[in-house]
Amino acid sequence: MCFGCSPANPIGLKLKFKMDGDICRTEFEAGEEHQGWNGYMHGGLIAALLDETMAWWLWLKDISIMTVEMNTRYSIGVPIKTRLVVESWCEEVKRDRLYLMAGRIILPGGKTAVKATAKFMKIDPAQI
Ligand SMILES: CCCCCCCCCCCCCC(=O)SCCNC(=O)CCNC(=O)[C@H](O)C(C)(C)COP(=O)(O)OP(=O)(O)OC[C@H]1O[C@@H](n2cnc3c(N)ncnc32)[C@H](O)[C@@H]1OP(=O)(O)O
């Protein structure tokens, strides 16, 4: 019951993803329950949004992975009750196992509020 994407998780983000060319995209609107500072989305949940969107770029290509490293640059506070677009893409694949991914959160009007880069490691799903 994935926190990011399962429709059955009562406290989850219930994200749905689509590929558009080589970009994986989802939309999300944070509610009051997702706040850190009043009116703004909690930074840890912002990271979860980006982590999940980068993971789904790989999942939609049938690649089973786990996040092994992530860096997040928060440039603009992300307001709640605002439609956000989250995008991810792959920048490089190393040794056929380490995927260098990137993602961003776009505010209405087009400004990028948050950028992330992360490394994902291919795993054998039977091991989980
Ligand atoms: C419909 C169904 C829906 C379900 C959809 C779900 C969608 C997705 C949901 C997803 C939710 C979101 C996703 C989440 O939230 S995933 C949850 C958060 N992530 C984790 O919990 C991962 C924990 N880590 C591990 O379990 C292990 O580390 C794994 C299994 C990943 C690898 O352990 P393993 O023992 O196999 O590998 P190794 O340690 O020998 O390393 C191998 C090689 O890699 C190199 N290396 C290692 N680390 C790094 C690094 N950081 N940068 C660069 N290189 C690195 C290392 O030096 C070595 O190189 P070499 O010595 O071979 O040269």
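First listed ligand is number 1; within each ligand, the first listed atom is number 1. These figures come from a predicted structure and were not determined experimentally.
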Closer than 4.0 Å: a protein non-hydrogen atom to [atom]:
| atom | result |
| --- | --- |
| atom 13 (C) of ligand 1 | yes |
| atom 46 (N) of ligand 1 | yes |
| atom 61 (O) of ligand 1 | no |
| atom 51 (N) of ligand 1 | yes |
| atom 27 (C) of ligand 1 | no |
| atom 57 (O) of ligand 1 | no |

> Which option out of Val68, Thr53, Thr67, Ile123 puts a heavy atom nearest to atom 19 (N) of ligand 1?
Replying inline: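 The residue whose heavy atom sits nearest atom 19 (N) of ligand 1 is Thr67.
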
> When you measure from atom 55 (C) of ligand 1 to each heavy atom in Met121, Arg97, Glu69, which option holds the nearest one?
Replying inline: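 Result: the heavy atom closest to atom 55 (C) of ligand 1 is in Met121.
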
> How does Leu98 reach ligand 1, by side chain, by backbone, by both or by neither, if only non-hydrogen atoms under 4.0 Å count?
Replying inline: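 Under 4.0 Å from ligand 1, Leu98 contributes side-chain atoms alone.
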
> Which bit of Glu52 is near ligand 1, meaning a heavy atom under 4.0 Å away: side chain, backbone, both or neither?
Replying inline: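 For Glu52, only side-chain atoms sit under 4.0 Å from ligand 1.
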
Near [X], which atoms of ligand 1 are under 4.0 Å from a heavy atom of that residue?
| X | result |
| --- | --- |
| Lys119 | 52 (N), 53 (C) |
| Arg95 | 59 (O), 60 (P), 62 (O), 63 (O) |
| Asp51 | 12 (C), 13 (C), 14 (C), 15 (O) |

> Among Val85, Val114, Thr112, Val86, which one satisfies side-chain contact (heavy atoms from CB on, under 4.5 Å) with Arg104?
Replying inline: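 Of the listed options, the one satisfying the test is Thr112.
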
State whether the side chain of [X] and the backbone N or O of [Y] hold a donor-acceptor pair below 3.5 Å, judged by distance alone.
| X | Y | value |
| --- | --- | --- |
| Trp57 | Asp22 | yes |
| Lys16 | Thr26 | no |
| Tyr74 | Gly43 | yes |
| Thr53 | Ser88 | no |

What protein heavy atom sits nearest [atom], and how far off is it?
| atom | answer |
| --- | --- |
| atom 7 (C) of ligand 1 | Trp56 NE1, 3.6 Å |
| atom 25 (C) of ligand 1 | Met66 SD, 4.5 Å |
| atom 10 (C) of ligand 1 | Ala55 CB, 3.8 Å |
| atom 2 (C) of ligand 1 | Trp59 CZ2, 3.8 Å |

> Between Ala8 and Met1, which heavy-atom pair has the shortest distance, and what is it?
Replying inline: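 Heavy atoms only, the tightest pair is O-SD, 3.6 Å.
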
>> How close do Met54 and Ala116 get, counting heavy atoms only, and between which atoms?
In response: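 Heavy-atom minimum between the residues: CE-CB, 3.9 Å.
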
> With side chains defined as the heavy atoms from C-beta onward, is the minimum distance between Leu58 and Lys122 less than 4.5 Å?
Replying inline: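 A side-chain contact is absent here, since even the closest heavy-atom pair is not under 4.5 Å.
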
> Got a second to check how far Leu50's CG is from Ile105's CD1, nearest 0.5 Å?
Replying inline: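 That separation rounds to 4.0 Å.
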
> Within a reach of under 6.0 Å around NZ of Lys14, are more than 12 heavy atoms found that belong to other residues, nucleotides or ligands?
Replying inline: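 Yes, the 6.0 Å shell around NZ holds more than 12 heavy atoms from other groups.
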
> Less than 4.0 Å between a side-chain N and a carboxylate O, is that true for Lys81 and Glu32?
Replying inline: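 So Glu32 pairs with Lys81 through a salt bridge.
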
